[in-house]
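Model, not experiment: these values are computed from the prediction.
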Amino acid sequence: MQFRLYRERPVLAVASVLMLISAMWKVAVLSRMRARIELDTAPITHKSAEVSAWNIKRRHVLLEFDNGVRYGLDAVREWNTLVPGNGLVYMGAGAERKPYMVSMFHELRCLDFIRSQIIIPAADRDMQLAQHCLNYVRQMVLCRGDTYLDPYQYPSHIATIEPFVGRKCLDWNAVYEAAESNQRERPSSMDHNE
């Protein structure tokens, strides 16, 4: 009886075939999405990476945006205090300890370098290192993909915004404490390599 219905109404036959194709397409897409999710949650390794992340226990803290009250372009001393020591930490045991740069410190060093290049004459700028820093910070922003919604101020300045927005962050002080502790433990024989 159903086949006779399709012969009598070819539009129903075409619609049924299209629905079947659509259902098969959805199953294929969902299978690919499931495979992609499994890939995304798998640990990512690189042939040269012995250590991927430094596991530091950190609690959540509130960061209140200060809109440039500190760390101005000419605040060299403030910027210099953002990276403890040389920003390196040492991983491994005994003579096998190797230096690594904590990404947070690398980012801060790059921001400081870009800041320093902005305030000097163009002829004196180190464009190669500035380009490295700009790309490194860009890639880290993309990597972290912060989706927090910032209040927006229209150029007309008609709509008011909250200028001192608070944001829930991971405690950066824990990273400083761990780095400083790690740097104190480092063998003095490593100083000649810096």
Practice prompt. Assess whether side chain to side chain contact (heavy atoms under 4.5 Å, CB included) is satisfied between His132 and Cys110, documenting all intermediate values.
Written response: CA-CA 8 Å; His132 157 78; Cys110 276; 4.2 Å; yes
Worksheet entry | Cluster link Ile56 to Tyr100, ILVMFWY, side chain under 4.5 Å | yes
Worksheet item: Say you draw a straight line from OG of Ser116 to CG of Leu111; how long is it, rounded to the nearest 0.5 Å?
Response: 11.0 Å
Distance-only check: which donor-acceptor pairs under 3.5 Å involve side-chain atoms of residues 169-178, not counting sequence neighbours?
from, atom 1, to, atom 2, distance (Å)
Asp171, OD1, Asn173, N, 2.9
Tyr176, OH, Leu82, O, 2.5

Fill in: Other cluster members, Met127 - Ile/Leu/Val/Met/Phe/Trp/Tyr, side-chain contacts below 4.5 Å
none
Item to complete: Could you tell me which residues satisfy side chain to side chain contact (heavy atoms under 4.5 Å, CB included) with Glu78, sequence neighbours excluded, listed by chain and number?
Response: Arg70, Tyr71, Ala75
Worksheet item: Rounded to the nearest 0.5 Å, how far does NE2 of His60 lie from NZ of Lys168?
Response: 4.5 Å
Worksheet item: In the hydrophobic clustering that connects Ile, Leu, Val, Met, Phe, Trp and Tyr at side-chain heavy-atom distances below 4.5 Å, which members other than Ile114 occupy its cluster, ordered by chain and number?
Response: Leu73, Ile118, Ile119, Ile120, Leu134
Discussion item. Using the rule that Ile, Leu, Val, Met, Phe, Trp and Tyr join whenever any side-chain heavy atoms are under 4.5 Å apart, tell me whether Val83 and Tyr136 fall into a single cluster.
Written reply: no
Worksheet entry | For Asn182, all residues meeting side chain to side chain contact (heavy atoms under 4.5 Å, CB included), sequence neighbours excluded | Trp54, Val89, Tyr90, Met91, Arg97
Worksheet item: Listed by chain and number, what are the side chain to side chain donor-acceptor pair (under 3.5 Å) partners of Asp146, not counting sequence neighbours?
Response: Arg167
Worksheet entry | Pairs involving residues 131-140, ordered by first then second residue, that meet salt bridge (Lys or Arg N to Asp or Glu O under 4.0 Å) (sequence neighbours left out) | none
Fill in: Min side-chain heavy-atom separation Arg59-Val61 under 4.5 Å
yes
Practice prompt. Please identify each residue that fulfils side chain to side chain donor-acceptor pair (under 3.5 Å) with Gln183, with sequence neighbours left out.
Written response: none
Worksheet entry | Partners passing side chain to side chain donor-acceptor pair (under 3.5 Å) against Arg109 (at least two apart in sequence or in another chain) | none
Practice prompt. Sequence neighbours left out, what passes side chain to side chain contact (heavy atoms under 4.5 Å, CB included) with Asp126? Give chain and number order.
Written response: Phe113, Gln117, Gln128, Leu129
Worksheet item: In terms of hydrophobic clustering (I, L, V, M, F, W, Y; side-chain heavy atoms under 4.5 Å; direct or indirect links), are Phe105 and Val76 co-clustered?
Response: no
Worksheet, complete the sentence: Residue set satisfying side chain to side chain contact (heavy atoms under 4.5 Å, CB included) with Arg144, at least two apart, ordered chain then number -> Ser103, Glu107, Met140
Worksheet entry | Sequence neighbours excluded, every pair satisfying salt bridge (Lys or Arg N to Asp or Glu O under 4.0 Å) that has a member inside residues 111-124 | Asp112-Arg115
